[in-house]
Amino acid sequence: MTMPVKEPSIFDHTGHKIITEDREIAIIAKMDNPLIAILGNVVSEEECEELIFLSKNKMNRSKIGSQHEVSDIRTSSSTFLPEDDLTNRIEKRVAQIMNVPVEHGEGLHILNYKQGQEYKAHYDYFRSKAKAANNPRISTLVLYLNDVEEGGETYFPHMNLSISPHKGMAVYFEYFYSDPLINERTLHGGSPVTSGEKWAATMWVRRKQYR
Ligand SMILES: O=C(O)CCC(=O)C(=O)O
Ligand SMILES: [Fe+2]
């Protein structure tokens, strides 16, 4: 019988913390194949509040897919934040955590879910062969910007895993394995917020330079 092999991971941090240029990030939990990591102390309370403040008047109904359609798969509102001192600092830190050059990231995508809103289970990687061949997405970090009263967990149905949103914490996962079955296990969603609201920021990363 052959033993299952652990495929190489982009996230090569060991130990209990990740020391970035400006902050010490806590590794709370980690699993392999696919690698999913729960991280603490990714951003400060002030940074969370500032990101929400900067986004508040810019939120639009989220779209999905290459045709940018409105869909009941994703009922949240969202916006891409433009570059400034704060977003540059956070994007740089997030790139160090994700172990990729900052230019491979798509930028901070802020999400707001009101009560009842959700993002149904989906893959972050491109299903279209052409798009995937050109410059595929390889990894995601979802950063939680507030404490949600109830609901709003990020769930991975194939992994029987659900992550509760806590202000300043994040979940990281990657889906660039040679075994497609491992990539498929990164199916995930944002469950409906049942009380309060949820603010999050997503960083999607490409294999090659994007910006
Ligand atoms: O809101 C969440 O917990 C998940 C967000 C997500 O899956 C995404 O932005 O791609
Ligand atoms: Fe996603």
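Residues take their numbers from the sequence shown, with the count starting at 1. Values below: every heavy atom of this structure, side chains too, minus hydrogens, waters and symmetry copies. Quantities reported herein were computed from a predicted structural model and do not represent experimental measurements. Numbering of ligands and ligand atoms starts at 1, following listing order.
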Under 3.5 Å donor-acceptor, Glu91 side chain and Asn88 backbone: no
Tyr175 vs Thr140, side chain to side chain donor-acceptor pair (under 3.5 Å): CA-CA, chis, key distance, verdict: CA-CA 9 Å; Tyr175 32 82; Thr140 300; 2.6 Å; yes
Asn60 and Lys58 side chains, donor-acceptor separation under 3.5 Å: no
The Fe ion (ligand 2) - number of protein N/O/S atoms closer than 2.8 Å: 3
Ring centers of His166, Tyr144 separated by less than 6.0 Å: no
Please produce the table of protein N or O atoms sitting under 3.5 Å from N or O atoms belonging to ligand 1, one pair a line, distance to 0.1 Å.
{"from": "ligand 1", "atom 1": "1 (O)", "to": "Tyr113", "atom 2": "OH", "distance (Å)": "2.6"}
{"from": "ligand 1", "atom 1": "1 (O)", "to": "Lys198", "atom 2": "NZ", "distance (Å)": "2.9"}
{"from": "ligand 1", "atom 1": "3 (O)", "to": "Thr154", "atom 2": "OG1", "distance (Å)": "2.6"}
{"from": "ligand 1", "atom 1": "3 (O)", "to": "Lys198", "atom 2": "NZ", "distance (Å)": "2.8"}
{"from": "ligand 1", "atom 1": "7 (O)", "to": "His122", "atom 2": "NE2", "distance (Å)": "3.1"}
{"from": "ligand 1", "atom 1": "7 (O)", "to": "His188", "atom 2": "NE2", "distance (Å)": "3.0"}
{"from": "ligand 1", "atom 1": "9 (O)", "to": "Thr202", "atom 2": "OG1", "distance (Å)": "2.8"}
{"from": "ligand 1", "atom 1": "10 (O)", "to": "His122", "atom 2": "NE2", "distance (Å)": "3.4"}
{"from": "ligand 1", "atom 1": "10 (O)", "to": "Asp124", "atom 2": "OD1", "distance (Å)": "3.2"}
{"from": "ligand 1", "atom 1": "10 (O)", "to": "Trp204", "atom 2": "NE1", "distance (Å)": "3.4"}

Side chain to side chain donor-acceptor pair (under 3.5 Å) between Gln115 and Thr194, worked out: CA-CA 5 Å; Gln115 202 169 318; Thr194 46; over 6 Å; no
Parallel, tilted or perpendicular, as decided by the 30° and 60° cut-offs, for the rings of Phe11 and His13: perpendicular
Donor-acceptor pair, side chain of Arg93 and main chain of Val42, under 3.5 angstrom: yes
Close aromatic pair by centroid cut-off 6.0 Å: Phe156 and His158: no
Co-membership, hydrophobic cluster, residues Leu86 and Val102, 4.5 Å side-chain: no
